[in-house]
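Below, chains carry the letters A, B, ... as their sequence lines are ordered, and counting in each starts from 1.
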Amino acid sequence: MDPLDELRRQRIEKLEKLESLGVNPYAHAFDRTHSAAEVLGAFEPDGAASLTVAVAGRLVSLRRMGKASFAHIADASGRIQVYFAQDRLGEAGYAVFRLLDLGDFIGVKGEVFRTRTGETTIQAAELTLLSKSLRPLPIVKEKIEGDEKTVYDAFADKETRYRQRYADLAVNPDVRRTFVLRSRIVSEMRRYLEGRGYLEVETPALQPQYGGAFARPFTTHHHALDMPLYLRIADELYLKRLLVGGFEGVFEIAKDFRNEGMDRDHNPEFTMMELYVAYRDYGFMQSLVEDMVHSVCLNVLGAGTVSHQGTELRFEPPWERIPFFEAIRRRTGEDCSGMDIPALKALAAGLRLQIEGSPGRGKWLDEIFSQTVQPHLVQPTFITDYPIELSPLAKKHRSSPGLVERFEGFVAGRELCNAFSELNDPLDQRRRFQEQAGLRAAGDEEAMLLDEDFLRALEYGMPPTAGLGIGVDRLTMLLTDAPTIRDVILFPAMRPERSA
RNA sequence: GAGGGUGUAGCUCAGCUGGUAGAGCAACGGCCUUUUAAGCCGUGGGUCCAGGGUUCGAUUCCCUGCACCCUCACCA
């Protein structure tokens with residue numbers, strides 16, 4: 001027999017014994033009076049009144065000693081010790097206790113006391129089995145000495161932790177904490193924006209034509225309409241349509257899907273917050289971003305700085321602003337702003353950079369930037385005023401020809417956000433799309449598609465608008481000190497498991 | 001996509017130069033009513049990732065495949 005099956009069989013046998021004792025191994029509900037943490041907070045060892053509580057949780061440690069035992073149960077708030085003694089529970093109750101396994105969910109009712117060694121503990125007067133666990137969780141022993149917590153043989157196998165996140169969460173409280181923080185980060189962003197009058201909206205994830213970013217899409221097929229559909233790679237073009245419609249400030253927090261490589265910064269589906277506001281430009285948006293991110297950091301972590309992978313990141317505004325070409329000049333000593341493709345190619349060769357195919361000027365510039373500048377952008381920094389070739393949806397710079405009013409925020413060498421004064425000139429937008437069509441014809445699979453409906457909307461008229469996209473996963477990585485995006489996505493994309 | 005690494009019990013890991021595998025925890029049985037990595041005595045548990053090859057013999061050496069991890073590339 002499969003050894004795991006043997007462990008499961010033992011537990012099923014116990015389950016059957018429990019049923020024969022009249023115990024329902026899968027109860028319908030249990031009324032709690034306290035969480036584990038609340039018991040610890042409420043108990044006054046020297047208080048005159050006794051404290052009787054009902055708590056529920058998963059059995060995570062067990063020390064059996066004949067007719068009395070100690071155990072810990074864990075709920076979302078933490079863990080608390082429970083003392084099971086036959087003379088209190090009765091023989092029938094203790095018989096049920098004997099059939100419990102680590103991992104079972106139980107409810108316990110009883111008086112709180114303090115043990116000889118000083119640990120606040122519930123003396124179980126009643127025990128209710130809430131859910132029998134049939135498969136051994138990698139529950140681990142812990143030793144707590146003062147503030148020192150030692151975990152023995154922690155459940156650490158990354159593959160299993162990602163594939164079976166439920167087990168990871170059940171066993172590793174720090175993982176739960178990360179996802180609580182993620183929720184608070186999103187919640188704080190939402191609160192920040194709602195407090196300033198922005199309207200949260202939902203736009204299509206299934207789109208007849210994708211756009212708003214450079215990426216290959218996931219494609220699917222609508223049977224009833226017998227037509228291809230694409231999962232969105234960005235929200236941008238739909239949100240801008242809403243400004244045509246008269247909304248003056250909208251945002252959307254949603255999944256985007258990009259059919260590309262995966263690494264520690266990329267998951268094929270990821271969460272983006274996009275924001276568009278009328279009558280504003282990218283300068284306004286810079287202020288908004290630095291203020292919002294600082295505010296989120298402050299409200300979620302209680303400080304405006306965070307330690308990320310050993311580096312202290314300081315989010316207090318203002319963030320440094322460096323124009324794109326200036327940033328390259330500082331790193332390479334070269335001013336690329338006037339360079340044509342051969343000159344850029346020569347510079348790239350000098351830097352030992354290579355690009356496959358026959359890239360355009362934008363691609364060369366981007367490559368030079370991302371190799372020479374980006375890794376050095378550790379503290380929050382805005383790179384501003386990008387070359388127009390890189391930004392077909394951004395408005396031309398008001399004073400510098402060849403540039404657009406665009407900025408990207410970088411933190412810890414990673415792109416955090418992308419924003420611009422939105423292009424609202426429909427004739428210019430059409431020309432930019434046509435340039436993209438040219439790149440596409442030349443083999444650039446990620447070049448943008450011309451979107452006639454979007455152009456129609458722009459022709460009706462879109463007010464001057466500032467737009468923003470922030471990577472929610474990346475922001476979460478920064479604020480939770482996560483080294484990889486997989487640590488901030490509950491169920492990250494994985495190759496299929498070998499059939500078990 | 002390239003290079004490197006890893007894959008052994010439910011979990012964490014040993015296993016030197018080839019001779020069909022060990023530990024701790026978990027599990028099972030026994031003793032134990034204030035323990036806390038509880039303790040003591042005993043027991044069971046393995047397709048050594050998969051498939052080929054070399055060999056008398058492969059967990060070990062070679063090849064191929066798969067998964068995961070790291071670095072680089074791609075993904076601006």
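Under the Watson-Crick or G-U wobble criterion, with both distances below 3.5 Å, B/rU60 is left unpaired in every strand shown. Using Watson-Crick or G-U wobble geometry with both donor-acceptor distances under 3.5 Å, B/rC68 finds its partner in B/rG5. A 3.5 Å limit on both hydrogen-bonding distances identifies B/rC31 as the Watson-Crick or G-U partner of B/rG39. The partner of B/rG46 cannot be assigned: no Watson-Crick or G-U wobble pair with both contacts below 3.5 Å exists in any strand. Here B/rU17 sits opposite no nucleotide as a Watson-Crick or G-U wobble pair (both hydrogen-bonding atom distances under 3.5 Å). The base-pairing partner of B/rC11, taking Watson-Crick or G-U wobble contacts with both distances under 3.5 Å, is B/rG24.
Phosphate proximity of B/rC74 to A/Arg216: absent, as no side-chain N or O sits under 4.0 Å from OP1 or OP2.
Rounding to whole angstrom units, CZ of residue A/Arg63 and C1' of B/rC32 are separated by 15 Å. Per the geometry, CZ belonging to A/Arg486 stands 12 Å off P belonging to B/rA67, to the nearest Å. If you measure from atom CZ of A/Phe84 to atom C1' of B/rC32, you get 18 Å, rounded to the nearest angstrom. For A/Leu7 and B/rA9, the CG to C1' distance is 9 Å, given to the nearest whole Å. Look at CZ on A/Arg163: it is 10 Å from C1' on B/rC66, rounded to the nearest Å. A straight line from CD of A/Glu142 to P of B/rC25 spans 17 Å, rounded to a whole angstrom. In this structure, CE of A/Met65 is placed 13 Å from P of B/rA37, rounded to the nearest angstrom. Spacing between atom NE2 of A/His266 and atom C1' of B/rA73 amounts to 12 Å, rounded to whole angstrom units.
For A/Arg176, the side chain to side chain contact (heavy atoms under 4.5 Å, CB included) partners are A/Leu169, A/Pro173, not counting sequence neighbours. Annotation: side chain to side chain contact (heavy atoms under 4.5 Å, CB included) contacts of A/Thr115 (sequence neighbours excluded): A/Phe70, A/Gln81, A/Phe113, A/Thr117, A/Glu119, A/Thr121. Remark: A/Tyr230 pairs with A/Tyr210 by the ring-ring contact (aromatic ring centres under 6.0 Å, His included) rule, at least two apart or across chains. Listed by chain and residue number, nothing satisfies the salt bridge (charged side-chain N to carboxylate O under 4.0 Å, His left out) test with A/Glu44 (two or more places apart in sequence, or in another chain). Remark: A/Phe84 pairs with A/Phe97 by the ring-ring contact (aromatic ring centres under 6.0 Å, His included) rule, at least two apart or across chains. Considering only residues two or more places apart in sequence or on other chains, A/Asn267 meets the side chain to side chain donor-acceptor pair (under 3.5 Å) condition with none of them.
Residue pairs meeting the salt bridge (charged side-chain N to carboxylate O under 4.0 Å, His left out) criterion with at least one member in residues 380-391 of chain A, sequence neighbours excluded: A/Arg361-A/Glu389. For the salt bridge (charged side-chain N to carboxylate O under 4.0 Å, His left out) condition, the pairs that include at least one residue of residues 77-94 of chain A, sequence neighbours left out, are A/Arg79-A/Glu142.
Each of B/rA38, B/rA27, B/rA73 was ranked by its minimum atom distance to the side chain of A/Lys141; first place goes to B/rA38. In this structure, of B/rU35, B/rC68, B/rA27, it is B/rU35 that holds the atom nearest to the side chain of A/Gln81.
Using atom C1' as the reference point in both B/rC48 and B/rC13, the two lie 14 Å apart (nearest Å). On the P atoms, B/rA21 is 15 Å away from B/rA9, given to the nearest whole Å. Taking atom P in both B/rG53 and B/rG1, one finds a spacing of 28 Å when rounded to whole Å. Distance noted for atom P between B/rC68 and B/rC74: 22 Å (whole Å). B/rU6 and B/rG29: their C1' atoms are spaced 38 Å apart (whole Å). When the P atom is compared between B/rC31 and B/rA23, the two are found 25 Å apart, to the nearest whole Å. B/rU17 and B/rC62 are spaced 12 Å apart, taking the P atom of each and rounding to whole Å.
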Quiz: residues 410-419 of chain A side-chain donor-acceptor pairs under 3.5 angstrom, not counting sequence neighbours:
unit_1, atom_1, unit_2, atom_2, d
A/Arg414, NE, A/Asp265, OD1, 2.5
A/Arg414, NH2, A/Asp265, OD1, 3.4
A/Asn418, OD1, A/Arg406, NE, 2.9
A/Asn418, OD1, A/Arg406, NH2, 3.4

Could you list all N or O pairs between the protein and nucleotides 11-14 of chain B that sit under 3.5 Å apart?
unit_1, atom_1, unit_2, atom_2, d
B/rC11, O2', A/Asp153, O, 3.2
B/rU12, OP1, A/Ala156, N, 3.3
B/rU12, OP1, A/Asp157, N, 2.9
B/rU12, O2', A/Asp153, OD1, 3.4

Which pairs, protein N/O on one side and nucleotides 28-31 of chain B N/O on the other, fall under 3.5 Å?
unit_1, atom_1, unit_2, atom_2, d
B/rC28, OP1, A/Lys14, NZ, 2.2

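RNA chain B is contacted by both A/Arg495 and A/Glu446; A/Arg495 maps to the nucleotide lying nearer its 5′ end (nearest heavy atom per residue).
For the pair A/Arg163 (side chain) and A/Arg161 (backbone), a donor-acceptor distance under 3.5 Å is absent.
RNA chain B lies under 4.0 Å from no heavy atom of any residue of residues 35-44 of chain A.
Classification of the A/Tyr386-A/Phe324 ring pair by plane angle, with boundaries at 30° and 60°, yields tilted.
Electrostatic pairing of A/Arg177 and A/Asp174 does not count as a salt bridge here, judged by no charged N lying under 4.0 Å from a carboxylate O. Between A/Asp101 and A/Lys132 there is a salt bridge, with a side-chain nitrogen of the basic residue lying less than 4.0 Å from a carboxylate oxygen of the acidic one. With respect to A/Glu326 and A/Arg330, a salt bridge is recorded, a charged nitrogen being found less than 4.0 Å from a carboxylate O.
Counting atom types as modelled, A/Arg116 pairs no side-chain N or O with a base atom of B/rU34 as donor and acceptor under 3.5 Å.
Among the heavy atoms of the strands lying under 4.0 Å from A/Lys143 are primed sugar atoms or P, OP1, OP2 only; no base atom is included.
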